[in-house]
Amino acid sequence: MAPLFVFPQNLQALEKDDEEEYQGNRLFVQSAIDISRFRPSELEEFVKGVSFDLSDKELYCIEEQDVFDRVYSLVRGFSSLAPSCKFILAESLRSNLSVLLPNVDSLVRVSQVQDDDETPTLDRVTSYRNAFKIYSFFLLHIILTEESNTGSSNNAKVIASSRKKQPVNSWNWESQRGRMLNLIANSLEINLSLLFGSADPDENYLSFIVKNTFSMFEKATLLKDSETKDALCHIIGACATKYHYTEQSSASIMHLLHKYDFVVTHMADAVAFAEKKYADGTLACSLIREIGRTNPKSYVKDTAGAENIGRFMVELADRLPKLVSTNIGLLIPHFGGESYKIRNALVGVLGKLVAKAYKDVEGEVSAKSIRLQTKQAMLEILLERCRDVSAYTRSRVLQVWAELCEEHSVSIGLWNEVASVAAGRLEDKSAIVRKSALNLLIMMLQHNPFGPQLRIASFQATLEQYKKKLNELEPVKLTEGMTDGVPSDNDSINGEGEVDNGNAEEVTNYQPESLTDSLAHTEQEIASKDSSVPDVGNVEQTRALVASLEAGLKFSECIAATMPTLLQLMASSSATDVENTILLLMRCRQFQIDGAEACLRKMLPLVFSQDKSIYEAVENAFVTIYIRKSPLETAKNLLNLAIDSNLGDQAALEFIVGALVSKGDISSIAISALWDFFCFNVNGTTAEQCRGALAIICMAAKSSSAILGSHLQDIIDIGFGRWAKVEPLLARTACIAIQRLSNEDKKKLVLSNGSRIFGILESLITGFGLPDNIWYAAADKAIDAVYILHPTPETLAADLVKKSLSSVFGGTSGDALQNDVTSSNSIVLSTIQVVKLSRYLFVASHVAMNQLAYIESCVRKIQKQKGNKGKVDSEGTENAETQKDNGINAELGLAASEDAVLDTLAERAEKEIVCGGYSEKNLIGECAPFLSKLCRNFVLMQKYPILQASAMLALCRFMIIDAKFCDENLQLLFTVVENAPSEIVRSNCTIALGDLAVRFPNLLEPWTENMYARLKDPSVSVRKNAVLVLSHLILNDMMKVKGYINEMAVRVEDKDERISNLAKLFFHELSKKGSNPIYNLLPDILGKLSTQDLQKESFCNIMQFLIGSIKKDKQMESLVEKLCNRFSGVTGMLSLISLTSFCIYSSKMISFLLCPLSNIIIPKFLNLVKKDVLQWENISYCLSQLSFTEKGVKKLIESFKTYEHALSEDSVMDHFRNIINKGKKFAKPELKVCIEEFEEKLNKFHMEKKEQEVTARNAEIHRQKVGNMEGFVMAGNNGEEGAESDIAEGVSDSEVINTPVEAQTESSNDESTSKLVEPEESSGAGSEVTEQEEETEIQSQRVNKKGASRARVKKSNMKDVKVTLSAITPRVTRLRKKLCQLLTVEVDENFN
């Protein structure tokens, strides 16, 4: 019998064995051959000889020593063999093993028939076992060797990719590897227990196979080959399940999962294969138990391992849902762990189980009930996890719900609860959660079980009809089993609110006729009075339908209720919020959700977003909703948009229509359809639709002006014809169309219909055919059209101003009317005159503005012509003489002088518009002084608000044109903007201030504070315009950020949400400029806000928002130091506190309280202390909102001296505790020790301060008690002398005391020589005054002219007190003067 082959630890272990007792019965290599000394031909012959022996001899010849040694030698040097030799050797070993496997089965069957003691059979079994082991060992070693060589050769190819191309192997290793591994995997399927003589194979054999198989799982490239991967999974499954190698396999799988992320799906495949192949889930259960009993804290540290384990659980639940569902209880406790990745995975597992594990509900009723209860419990866990602390988990739960909705795994009873949760998550603080909630609602709408139309009115009408039908079918038991129309537990809905699966399926199957079709038919049926309800069957079916309709109605109401939130999300700074919100609104519009159409209109302004993704989302939605229709329908959609849009939406609509026309998305056929609407070629077209069509055509003409050229006559005839009287805005739109004609069309129009068109425009401006509210808009565009079309517009404009002026002063004496207007006599003015005067002022001011623009355009034309001429000259077309002249002009500076002359002429022309040099008045210049006087007539202005609006608008326009006129009327403008009763006037003036600041920044600079004051206006409109104006000026660097920026910060908490959002947008954009100006402004804003009367919550919200815009660590660290230094800036009161305390302690309490200064000192003192404490609280709150780095924490610790005095306040201490808690989270061990020491120091100092306060309070109470008792005793002793004493409590400083001459002299000398009280003297005086028991009043030394009464100072009954008034008076007087000085200084510093 041949020696036994034992699996070695490695190949080299076969060459020797140190244990002599096994040398006789173990197979070892006796004579290894060094194949490296063979020449290639010799080596090939040697390999062929070995192959011939393996194929010619018995299958178990491999155990022969000679064959074994030669095969070993070749396997050891396998990497050095030629490809052909490798193929021969590997194929020989593989084929022999493949033939050996069926022979092993036949040999086993023969051994079972014969007696057990048959020696030849036993020897044959042993030989086959040896051969089986040897073949398996050598094949696996070849695989490992070739894989290691392949990996190194791949690396070499990467390094030397530019070198000579490697020769292609004559054999395909990938296919060979798969065949060899499949053979080893199939070898595990034979009856190895009979071959090895025990239930389990040799331990060394299994260990070797499993170990090397798992090592191959570590190579990602190897697993890409499906044949190889399947073979490896087969081996793992067979060893772990069939041969009970579960525990070791589980440990290896867990190790791989923690280490490599690419093995997750392959391990799940291996475990699933084991369960399906052998109908044994032992390996899967073992892994689930191992994951379940792992300490949740370990997943917090190993985040990569936690993610891989989580993915593995989800993959396993996807492949083996029923098995995982029976063991899910082992994993549920991990919901309480800190690792959100594990919780995410568990949520995904529950989703897979709900979708797949409970699809079939066959079996007994009890088993079915248990499974449904388990499913319901899982769904409840999923709902609960929507409130998880981690945003990632909340997002993952919503994603799982979306997957369940897509797979129709959510019952009708649970549908609305999920929708309600998703709607609530739309307001989540995390963007990823909001994105998942939006996607969930989109999925719920797409897969809703209630029908394609979800209008609330349709559901309500249908529900009412079917309720009536149900009442007719169930007249007796009307309320039995019903609660408000909802089926009872025994019907279709259980106690949890979930529709039973059986009835749900019945309702779902009936939906094509009941819900979907009936909703479509219901609208027509409701219209007819004798409408009948379709019969749906018996009472149970009707009741189920009613329940479904109620659920559908609730779902529709839930989605409709989210519209306000969706509007807010469209204004979100997150692009994903905006994009997904638009997608949801499009889906809502598809299902006809109430309010979706109006919300989609609000997306139009987003086309101006700088984020390209947002613009593309809006454009795609716009094209999908309004453009991708038939041409006629597209035209109708667009004109309806133009009709219903406000001014802002029209600007956005113009932008997007122009872009779509440029791209060709709006076709020429759609433009033709718009012309058909404008020309009334479509039946039923209204004047309003005509105007809308022309408005859209004008928008399109901005990108392609040729669109208007084909219908010039139609524009004139219809736009200014009889239809303009029906739709007054049509004339304004026609004026816009004329302005947007191409240059050729403009010339053509002036030549053919010039007189007619200018006559029409003149009558439009000077006539009274349009209502007042429309005339201003139409006249605005008409004057613009005159200046664009007319060759000499100033002549026609002059006629317009004259006619408008004559309409005002035509009926009365012009001078008399002007005198009445300017002398506050408003009796002469009638309503008609007010209207005419308002129109005249509008025409004059608008002509002046257009004249200014016309002058600038003329200058640009001259400069352009000059530039073109210079360009032509530079190209060499000029002759030599011309070049010489130009060179001389350049040397003399004549070219520059020409530009200067042009600038001088332009400047003179601009000045002559309004002022005209004041020597020769021009047409508009005559109006300027009259307008200035008119605006100063406040009585007349308050009586006629319309006149004031026109007058102030005209005044602002004149001020924009001329700097001198602006300077003369700035005071008037700011007076009106502050005091005008009309908020329209204040708003217009606020907007005009922005234009003035751009044109004349030096003139407006001294009025900056007044401009910021508009932010405090009581009108919402004025505040909004002020925010917009200041934002525009500051963000475009036209106004410096002054010290009044705190007023803009207050608007962050404005009551009006739009103003608040605008202010937040301003600071958000400001933070992007340079090095973030907010960082420099924050301390100043903090100081200003602390002195304002702001609510605590508002202050906190403002500062939290501003601090949130600072992202750089260096700026945060610097802010720590700046804010800490501000603590010392509010400690100036300490000297006053000390002085006041000294005063109180160094004299009698009664004397101090009777002092005249006490009425001033005490209230102001308490007020200042209160303000200081408030500032401490605010500074500490801002510190707590900073993002602390390691350097920031160190700076805070180092600055302890600056804020130690503020730690006595509990609120300040709470903020510092928050800082410490935040610092501990990121701190390293060394820093954490410092933070803990700092915490102890803070707590100790805080407790000491609190103890000092308690002690001082107790001493004060005790002193007051003693003072009261002494006062009572002194009152008794002095009662007899009370009538003679003229010292009373209310004596003022004007009364005088006749003190002895010595005392007066001493007092005057002391006051003249010393202005400060020395500490020792103060202490002595304090002790003397404290011991003084005589009731004495210190009064001013100022002499009353009426005479002074004598003061009688009584001696004390206390024998041990010998202090005279002459000694007390000078000291107290000096204290009083010093106190007054310090008080004045402190008041100035803290209030001024």
Side-chain angles (χ1 to χ4, degrees), residues 253-254 256-265 267-268 271 284 287-288 290-321 324-325 327-357 375 377-407 409-410 418 421-422 424-426 428-441 443 576 580:
I253 291 174
M254 292 296 293
L256 287 175
L257 290 175
H258 279 277
K259 194 173 182 181
Y260 304 104
D261 58 347
F262 59 83
V263 303
V264 172
T265 55
M267 287 292 104
V271 176
L287 289 170
I288 293 174
E290 185 67 25
I291 295 171
R293 65 171 172 242
T294 304
N295 189 348
K297 293 183 179 180
S298 63
Y299 290 125
V300 178
K301 300 177 182 178
D302 183 15
T303 55
E307 185 173 1
N308 294 342
I309 292 294
R311 288 174 50 210
F312 174 74
M313 287 191 295
V314 176
E315 295 289 341
L316 199 61
D318 188 34
R319 290 163 174 76
L320 304 173
V324 176
S325 66
N327 295 275
I328 190 64
L330 300 172
L331 302 176
I332 293 299
H334 280 277
F335 271 122
E338 297 181 11
S339 175
Y340 72 88
K341 293 185 177 180
I342 293 296
R343 297 201 301 274
N344 288 1
L346 290 177
V347 166
V349 168
L350 293 181
K352 297 292 183 183
L353 298 184
V354 170
K356 295 186 176 183
K375 178 182 178 181
M378 291 182 181
L379 293 171
E380 290 176 356
I381 292 175
L382 288 176
L383 283 174
E384 179 187 353
R385 284 297 109 190
C386 291
R387 295 183 291 271
D388 195 279
V389 295
S390 172
Y392 296 104
T393 303
R394 297 196 299 273
S395 175
R396 179 62 185 138
V397 175
L398 296 174
Q399 292 172 11
V400 168
W401 279 115
E403 294 170 3
L404 293 177
C405 291
E406 189 175 9
E407 296 175 3
S409 298
V410 181
V418 176
V421 170
R425 288 299 98 192
L426 291 177
D428 197 282
K429 62 181 180 181
S430 174
I432 59 173
V433 180
R434 297 194 297 269
K435 177 182 177 181
S436 299
L438 290 166
N439 289 333
L440 173 56
L441 289 175
M443 197 63 65
T576 56
N580 289 283

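From a predicted model like this one, the values you see are computed outputs, not experimental measurements.
The backbone N or O of Val314 lies less than 3.5 Å from no partner atom in the side chain of Asp318, so there is not a single donor-acceptor pair. Of the possible donor and acceptor atoms, one in the side chain of Asp302 sits under 3.5 Å from a partner among the backbone N and O of Gly305. Here the side chain of Thr294 pairs a donor or acceptor atom with the backbone of Glu290 at under 3.5 angstrom. A distance-only check finds a donor-acceptor pair linking the side chain of Arg311 to the backbone of Asp261 [under 3.5 Å].
Side-chain contact between Arg385 and Arg394 is absent, with no heavy-atom pair separated by less than 4.5 Å. Using a 4.5 Å heavy-atom cutoff, the side chains of Val418 and Leu383 are in contact. Side-chain atoms of Thr576 and Ile432, non-hydrogen and from C-beta on, never get closer than 4.5 Å to each other. Inter-residue side-chain proximity for Leu331 and Asn327 is flagged as unmet; no heavy-atom pair is nearer than 4.5 Å. The closest side-chain heavy-atom distance from Val271 to Phe312 is below 4.5 Å. Under the 4.5 Å side-chain criterion, counting only non-hydrogen atoms from C-beta, Leu346 is not in contact with Ile332. In this structure the side chain of Ile309 reaches within 4.5 angstrom of the side chain of Met254, judged on heavy atoms. Between Lys435 and Leu438, every side-chain heavy-atom pair lies at or beyond the 4.5 Å cut-off.
Remark: Leu382 CG to Leu353 CG distance equals 9.5 Å, nearest 0.5 Å. To the nearest 0.5 Å, atom CE of residue Met267 and atom CG of residue Leu256 are 5.5 Å apart. The CG atom of Leu316 sits 7.5 Å away from the CG atom of Leu287 when rounded to the nearest 0.5 Å. Interatomic distance, Glu380 CD to Lys375 NZ, rounded to the nearest 0.5 Å: 13.0 Å. Considering CG of Leu320 and OG of Ser325, their distance stands at 10.0 Å, rounded to 0.5 Å. For the atom pair OG (Ser409) and CH2 (Trp401), the distance works out to 10.0 Å, reported to the nearest 0.5 Å.
Residues Cys405 and Met443 come closest through the heavy atom pair CB-CG, 4.3 Å. Between Leu257 and Val264, the closest heavy-atom pair is CD2-CA, 4.0 Å. The shortest heavy-atom contact between Arg425 and Ala437 is CB-CB, 3.8 Å. Of all non-hydrogen atoms in Leu398 and Cys386, the two that sit nearest each other are CD2-SG, 4.2 Å. Taking every heavy atom of both residues into account, Val354 and Met378 meet most closely at CG2-CB, 3.9 Å. Contact between Asp428 and Arg434 at its shortest, heavy atoms only, is O-NH1, 2.8 Å.
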Checklist entry - Can you check side-chain contact (heavy atoms from CB on, under 4.5 Å) on Leu426 and Leu441, steps first, answer last? => result CA-CA 10 Å; Leu426 291 177; Leu441 289 175; 3.8 Å; yes
Item to check | side-chain hydrogen bond (donor to acceptor under 3.5 Å, both in side chains) evaluation trace for Asn308 with His258 | outcome: CA-CA 6 Å; Asn308 294 342; His258 279 277; over 6 Å; no
Next on the checklist: For a side-chain contact (heavy atoms from CB on, under 4.5 Å) check, start with the C-alpha distance between Val397 and Asp388, then their side-chain angles and the critical distance, and finish with the verdict.
Outcome noted: CA-CA 9 Å; Val397 175; Asp388 195 279; 6.0 Å; no
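The ring pair (Phe, Tyr, Trp, His ring centres under 6.0 Å) test applied to Tyr299 returns His334, not counting sequence neighbours. Applying the side chain to side chain donor-acceptor pair (under 3.5 Å) criterion to Asn344, with sequence neighbours excluded, gives Thr393.
The pair Arg396-Glu403 meets the salt-bridge criterion, since a charged nitrogen lies less than 4.0 angstrom from a carboxylate oxygen.
Annotation for Tyr392: atom OH does not count as buried by contact number, only 12 or fewer foreign heavy atoms lying within 6.0 Å.
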